[in-house]
Protein chains: 2
Amino acid sequence: MSPQSSPAYPLIRKLESIYNLSSAEYEALMALPILARSIRPDQDIARDHDRPSQCCILLDGLLYRYKLLEEGKRQIFSFHISGDIPDLQSLHLQVMDHNIGTVVSSVVAFVPHETMNRLIDDHPRIRNALWRDTLIEAAVFREWMAGLGRREAYGRISHFICELFVRYQAIGLANGYKVELPLTQEKMGDALGLSTVHVNRTLQAMRTDGLIRWYRGHLNITDWSGLKKAGAFDATYLHLRH
Amino acid sequence: MSPQSSPAYPLIRKLESIYNLSSAEYEALMALPILARSIRPDQDIARDHDRPSQCCILLDGLLYRYKLLEEGKRQIFSFHISGDIPDLQSLHLQVMDHNIGTVVSSVVAFVPHETMNRLIDDHPRIRNALWRDTLIEAAVFREWMAGLGRREAYGRISHFICELFVRYQAIGLANGYKVELPLTQEKMGDALGLSTVHVNRTLQAMRTDGLIRWYRGHLNITDWSGLKKAGAFDATYLHLRH
DNA sequence: CGGAATATTGATTAACGTCAAGGCTCGTGG
DNA sequence: CCACGAGCCTTGACGTTAATCAATATTCCG
């Protein structure tokens, strides 16, 4: 079987983007018992106050984490792409403090905590890679906080697009300056602390300025350096290897 | 030597607030070679782009983490109290992506990464406690994101005060409903994504409403249930043991 | 005591939210 | 193949929150 066809390949590709795996570790990940499962759009995978007994590895699709607040408001904390384990934290935090759901139809694998713990006990460097991953996630949260607290809509959206693009690129899922990003403007607003209307108007301004094209979930960055500049984007906080 | 007088006591007390330590682990922490060092107010302990070779354990005082943005703006990501290890992440992320500084005169201990790694290799459950701590930190970031993105100033500040109070309480540093909180309104603004002026006016409204008193760094919560309600505060995300 | 940092106040403005309506797109079923 | 409806996008008018600007108090601290 070629590596790319292994069900664990997305996870391996993701971990390699942030950590240098040995061949033994590579093999151990390939050997993970993975049962792929398809989930429809807009389904919750884990809910606030749940006590998960397994982790969810995203193999293909798009997930998001969010919390519902008072008065029907929603804050989205992150989007997760192929290879991510959005509820890795449940290994150490028994109770979920937010929800995880699908944005579009997605393929995931559920791996029992037991199995994950055996894997990282047998392979301490994989544990390091996963701990590192959770720390990078925290770094991304911080960067979003900076956007939410101190950047205006135009820069905030620009930065957001830069980040997603670089993350797709890091796992080889960008096609030049194009990525598939099937987000509604409503979800972007809930991630960026903006109203749908304002997201809409700001995206239009960005199109007018020639930074991006975005049509039916196909994002095309037409002025990468302009976009980076508008978002004051510096990828250091993603702690990628390359 | 009584436990309380051990230099590692603040760290132990903090870890016990989120994790059940065995007596062997307790002993191991007590045995950490800790050299306390005093640092003056407004000094940076670690800087953006640094490559730390040690972790900083806060024994007494108040630290904060922040990033400087374009146009002289600043976002504060967290405040750290006695027992916290704000740069624990440097064990797995080589490069700092933000700054850590003192708010007031503080006592810290610098422990080499080497020493920390030996400790957690010898005591896997201490590693679990520390990993858990970094995950709780991420949960706190998420909660702040929700505030920054979707809560108005009054609720945002209320929530912030609730959180700090509960954290002080968890390590036994609250005196009834009073805590020492030597924050300027400018720092609160930079943490909460608000201008100093607006923080000032909102605090006045909260005082008028009888929620708090706050004078020269002495915070007194005069209506705890009202404050919780105003901030829609639910401590689940702090993942405390009690 | 004097200067710097911090808190407070008022007036004005900018950014963004809300409300409401209409248009586009796509999947579904007849 | 076309009609229909739901979800999403777009637009305009208006309202609100909070930023900015500019003073003036007050406190802190050597």
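In what follows, chains carry the letters A, B, and so on, assigned in the order in which the sequence lines appear, proteins first and then strands, with residues in each chain numbered from 1. All values below were derived from every heavy atom in this structure, side-chain atoms included, with hydrogens, water molecules and symmetry-related copies excluded.
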>> Need the bend value for the helix from dC1(C)-dG30(D) to dG30(C)-dC1(D): angle between end axes, 5 pairs each end, nearest 10°.
In response: 50°
> Rounded to whole angstrom units, what separation is found between the CG atom of Asp42(A) and the P atom of dA6(D)?
Replying inline: 17 Å
>> Rounding to an integer number of Å, can you tell me how far Arg207(A) CZ sits from dC9(D) P?
In response: 10 Å
> Can you name the residues that form a side chain to side chain contact (heavy atoms under 4.5 Å, CB included) with Arg150(B), not counting sequence neighbours?
Replying inline: Leu69(A), Lys73(A), Gln75(A), Asp190(A)
>> Tell me which pairs pass salt bridge (Lys or Arg N to Asp or Glu O under 4.0 Å) where either residue lies in residues 209-234 of chain A, with sequence neighbours left out.
In response: none
> Are any of Gln185(A)'s side-chain N or O atoms less than 4.0 Å away from OP1 or OP2 of dT10(D)?
Replying inline: yes
> In the 5'-to-3' direction, what one-character label does each nucleotide of nucleotides 15-28 of chain D receive under the scheme B = base within less than 4.0 Å of a protein heavy atom, S = sugar-phosphate only, - = no such atom?
Replying inline: --SBSBB-----SS
> Taking atom P of dT11(D) as reference, at what distance in whole Å does atom CG of Leu203(A) sit?
Replying inline: 12 Å
> Residues in side chain to side chain contact (heavy atoms under 4.5 Å, CB included) with Ala205(B), at least two apart?
Replying inline: Tyr154(B)
> Between which nucleotides of DNA chain C, read 5' to 3', does contact with chain B run, using atoms under 4.0 Å from its heavy atoms?
Replying inline: dT6(C) to dA11(C)
> What residues, two or more places apart in sequence or in another chain, satisfy side chain to side chain contact (heavy atoms under 4.5 Å, CB included) together with Arg207(A)?
Replying inline: Leu203(A), Gln204(A), Ile212(A), Trp214(A)
> What residue pairs, at least two apart or across chains, pass salt bridge (Lys or Arg N to Asp or Glu O under 4.0 Å) with a residue in residues 155-180 of chain B?
Replying inline: Asp84(B)-Arg167(B), Glu163(B)-Arg167(B)
> Can a donor-acceptor pair be found between the side chains of Arg40(A) and Ser106(A) at a distance below 3.5 Å?
Replying inline: no
> Please give, in whole Å, the distance from dC8(D) P to Leu183(A) CG?
Replying inline: 12 Å
> Among pairs that include at least one residue of residues 47-63 of chain A, which meet salt bridge (Lys or Arg N to Asp or Glu O under 4.0 Å), considering only residues two or more places apart or in two chains?
Replying inline: Asp44(A)-Arg47(A)
> Quick one: salt bridge (Lys or Arg N to Asp or Glu O under 4.0 Å) partners of Lys67(B), sequence neighbours excluded?
Replying inline: Glu143(A)
>> Taking the ring centre of each residue, are Phe141(A) and Phe77(B) less than 6.0 Å apart?
In response: no
>> If the condition is side chain to side chain contact (heavy atoms under 4.5 Å, CB included), which residues does Glu70(B) pass it with, not counting sequence neighbours?
In response: Arg151(A), Ala232(A)
> Residues in salt bridge (Lys or Arg N to Asp or Glu O under 4.0 Å) with Arg201(B), at least two apart?
Replying inline: none
